[in-house]
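What you are looking at is a predicted structure, and each value in this text was computed from that prediction instead of being measured. Numbers restart at 1 for each chain; the letters A, B, ... are given by sequence-line order, proteins then strands.
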Amino acid sequence: MNEQKRYFSRELLSWYRANRRDLPWRRHSNPYYTWVSEIMLQQTRVETVKPYFERFIALFPTVEALAEAAEEEVLKAWEGLGYYSRARNLQAAAREVKEQYGGSIPDDKAKVSALKGIGPYTTGAIMSIAFNRPEPAVDGNVMRVLSRYFRLHDDIAKAGTRAHMEHLAQELIPEGCASEFNQALMELGALVCTPKSPACLPCPVMEHCAGRIAGEELMLPVKTKAKPPKPELRYAAIVEGAGEHAGKVLVRQRPDTGLLARMWELPHLLAPKTGGLLDLREEEAMGALRHGLQPEGVRLRPLGHWTDAEHTFSHIHWQMRVYRCVIEEAPDAITGGKYAWIGPEEMERLAFPNLFLRLLHAYFAERGQNG
DNA sequence: AACTCGGGGCG
DNA sequence: CGCCCAGAGTT
């Protein structure tokens with residue numbers, strides 16, 4: 001190994017030992033904590049994860065506790081964190097670990113890798129952080145650091161690039177220090193070698209950073225842009241209950257697979273493509289709501305526009321127009337359609353994505369004020 | 001290799 | 001408002 005590499009490993013490890021953050025999942029050495037935190041940290045920032053991790057561990061302190069919980073409970077604990085298949089896969093894997101390995105995460109790369117929701121990155125993270133095995137844990141952060149330090153112009157959006165990075169990352173791990181070193185690599189990416197404005201002056205490895213020396217630190221890593229999300233106009237109904245359902249609104253549960261699987265939401269539908277005049281939008285929307293939900297057994301009478309909401313997923317942009325409605329035919333007797341009347345109390349049990357969480361809170365707050 | 005899957009933070 | 005993500009599963 002050359003001097004540039006030895007220097008990098010030595011200085012980075014030393015820097016980490018002096019600068020490591022005190023994070024909830026670092027307070028105890030517990031493979032289950034490492035596992036849960038790494039799943040939560042996929043595509044998600046540390047500051048966002050912290051409170052979720054604390055609540056999750058309080059609710060499900062062990063693999064067994066998670067395995068024995070009801071799925072709705074796990075989804076509720078994940079509410080607002082996004083990528084909900086992570087939560088379902090995590091629990092499925094916890095049940096696997098309980099049944100197959102007596103509740104202990106195996107110190108075995110192939111077995112860890114075979115668990116649901118654990119891909120190449122998380123395998124490396126668990127094997128190294130929890131078991132100190134010299135496995136690379138290459139995420140976007142690590143690819144950014146390595147791209148800059150070694151001045152690599154490979155497109156990190158390409159699948160093949162990660163293989164190269166993994167080879168390099170493994171080579172850099174100091175003997176017996178995989179756990180600390182891999183965390184150091186990610187810590188540097190999070191605190192110093194940041195995407196937009198890297199703090200090169202305080203960087204512990206600046207002296208031999210090829211990207212910095214070439215003046216290319218802002219051009220690296222090379223990454224092709226993702227295509228923009230597809231816009232979708234949607235009409236949603238906020239249905240006020242009457243009689244025994246007074247003070248409540250109608251919600252429905254999404255299908256078992258696909259976008260926001262098994263999460264709860266306001267009834268809504270994709271706007272028919274009509275290309276109509278803007279003036280006719282309200283009529284068109286209310287008509288679509290009135291007829292569009294009938295196949296599910298819900299017949300509505302839209303009263304008027306209530307509010308608008310937008311939500312961007314990675315590949316879809318929802319523009320949602322929400323209409324106040326009253327019900328003409330309840331879906332009680334309809335099979336398959338999962339509908340429920342809920343008030344603020346019932347919201348505590350059901351898991352909603354943030355878009356609908358915000359709308360429901362706004363609605364109940366407004367209704368509370370108006371009596 | 002391309003697509004599906006949330007959400008927030010930041011310049 | 002564009003751009004950044006501490007990725008994995010499916011096709």
Side-chain angles (χ1 to χ4, degrees), chain A residues 21 23-26 34-53 75 78-90 92-93 112-126 128-129 136-147 155-163 165-166 169 182-191 193-198 218 220-230 232 254-263 265 309-318 351-358:
Chain A
R21 286 173 292 179
L23 301 174
W25 45 91
R26 285 180 180 166
T34 302
W35 181 18
V36 171
S37 67
E38 288 301 335
I39 299 298
M40 286 187 172
L41 286 164
Q42 290 169 6
Q43 308 297 95
T44 312
R45 288 180 163 70
V46 166
E47 290 308 314
T48 304
V49 166
K50 277 182 184 175
Y52 280 92
F53 178 83
L75 272 183
W78 210 270
E79 180 182 71
L81 203 48
Y83 288 115
Y84 299 96
S85 65
R86 293 185 296 176
R88 294 192 301 275
N89 287 338
L90 176 59
V112 166
S113 178
L115 294 170
K116 270 195 159 185
I118 299 186
Y121 163 74
T122 308
T123 300
I126 292 174
S128 62
I129 296 173
V138 174
D139 59 6
N141 225 334
V142 170
M143 287 202 279
R144 183 174 61 255
V145 170
L146 296 182
S147 292
D155 184 350
I156 65 168
K158 300 263 191 241
T161 301
R162 223 203 52 231
M165 296 281 182
E166 284 181 339
N182 281 355
Q183 292 180 78
L185 212 40
M186 293 186 272
E187 198 85 336
L188 188 75
L191 299 181
C193 197
T194 54
K196 293 274 189 176
S197 51
L218 292 177
L220 294 170
V222 175
K223 187 181 181 183
T224 55
K225 296 188 263 289
K227 66 176 185 180
K230 187 180 84 179
E232 280 186 8
R254 295 181 61 86
D256 291 340
T257 58
L259 183 70
L260 301 170
R262 279 177 241 178
M263 300 290 284
E265 64 181 4
E310 297 201 10
H311 194 76
T312 307
F313 303 91
S314 44
H315 57 304
I316 307 171
H317 178 82
W318 277 358
F352 294 88
N354 269 0
L355 164 65
F356 297 108
L357 216 48
R358 283 194 293 264

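In terms of position on DNA chain C, the residue among A:P221 and A:Q42 whose nearest nucleotide sits closer to the 5' end is A:P221. Of the residues near DNA chain B, A:S314 and A:K158, the one whose nearest nucleotide (by heavy atom distance) lies more toward the 5' end is A:K158. For the pair A:F352 and A:K227, both in contact range of DNA chain B, the more 5′-proximal nearest nucleotide belongs to A:K227.
C:dT11 and B:dG6: their P atoms are spaced 16 Å apart (whole Å). Between B:dC5 and C:dC5, the two C1' atoms lie 15 Å apart (nearest whole Å).
Contact check, A:R358 against B:dG8: a side-chain N or O comes under 4.0 Å of OP1 or OP2. For the pair A:H315 and B:dT4, the criterion of a side-chain N or O lying under 4.0 Å from OP1 or OP2 is not met. For the OP1/OP2 pair of C:dC5 and a distance below 4.0 Å, the side-chain nitrogens and oxygens of A:K223 include at least one atom meeting the criterion. Here A:N354 reaches the OP1 or OP2 of B:dG8: one of its side-chain N or O atoms lies under 4.0 Å away. Side-chain nitrogen and oxygen atoms of A:T44 include none within less than 4.0 Å of the OP1 or OP2 phosphate oxygen of B:dG6. Contact check, A:H311 against B:dG7: a side-chain N or O comes under 4.0 Å of OP1 or OP2. Note on A:R144: a side-chain N or O is less than 4.0 Å away from OP1 or OP2 of C:dC5. Between A:Y84 and B:dG7, a side-chain N or O to OP1/OP2 separation shorter than 4.0 Å is present.
Between A:Y52 and A:W78, the gap from one ring centroid to the other reaches at least 6.0 Å.
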Begin from the C-alpha positions of A:H317 and A:E232 and carry the test side chain to side chain donor-acceptor pair (under 3.5 Å) through to its verdict.
CA-CA 6 Å; A:H317 178 82; A:E232 280 186 8; over 6 Å; no

Walk me through it: do A:R86 and A:E38 pass the test salt bridge (charged side-chain N to carboxylate O under 4.0 Å, His left out)?
CA-CA 11 Å; A:R86 293 185 296 176; A:E38 288 301 335; over 6 Å; no

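Between the OH atom of A:Y52 and the C1' atom of B:dG8 there is a distance of 10 Å, rounded to whole Å. Taking atom NZ of A:K116 as the reference point, atom C1' of C:dG9 lies 10 Å away to the nearest angstrom. Protein atom CG of A:L75 is 12 Å distant from nucleotide atom P of B:dG7, rounded to whole Å. A:M40 has its CE atom 18 Å from the P atom of C:dA6, to the nearest Å. In this structure, the CG atom of A:L185 is 11 Å from the C1' atom of C:dA6, given to the nearest Å. Taking atom CD on A:Q43 and atom C1' on B:dC5, their separation rounds to 10 Å, with Å as the unit. Atom pair A:L357:CG and B:dG6:P shows a separation of 15 Å (rounding to whole Å applied). Summarising the geometry, the separation between CD1 on A:I39 and C1' on C:dC5 is reported as 17 Å, rounded to the nearest angstrom.
Counting only heavy atoms from C-beta on, A:N89 has its side chain closest to C:dG9 among B:dG9, C:dG9, B:dG11. Ranking B:dT4, B:dG6, C:dA6 by closeness to the A:L259 side chain, first place goes to B:dG6. Closest contact between the side chain of A:P353 and the listed nucleotides B:dG7, C:dC3, C:dG7 involves B:dG7.
Scanning both residues, A:T161 and A:I156, for their nearest heavy atoms gives CG2-CA, 4.0 Å.
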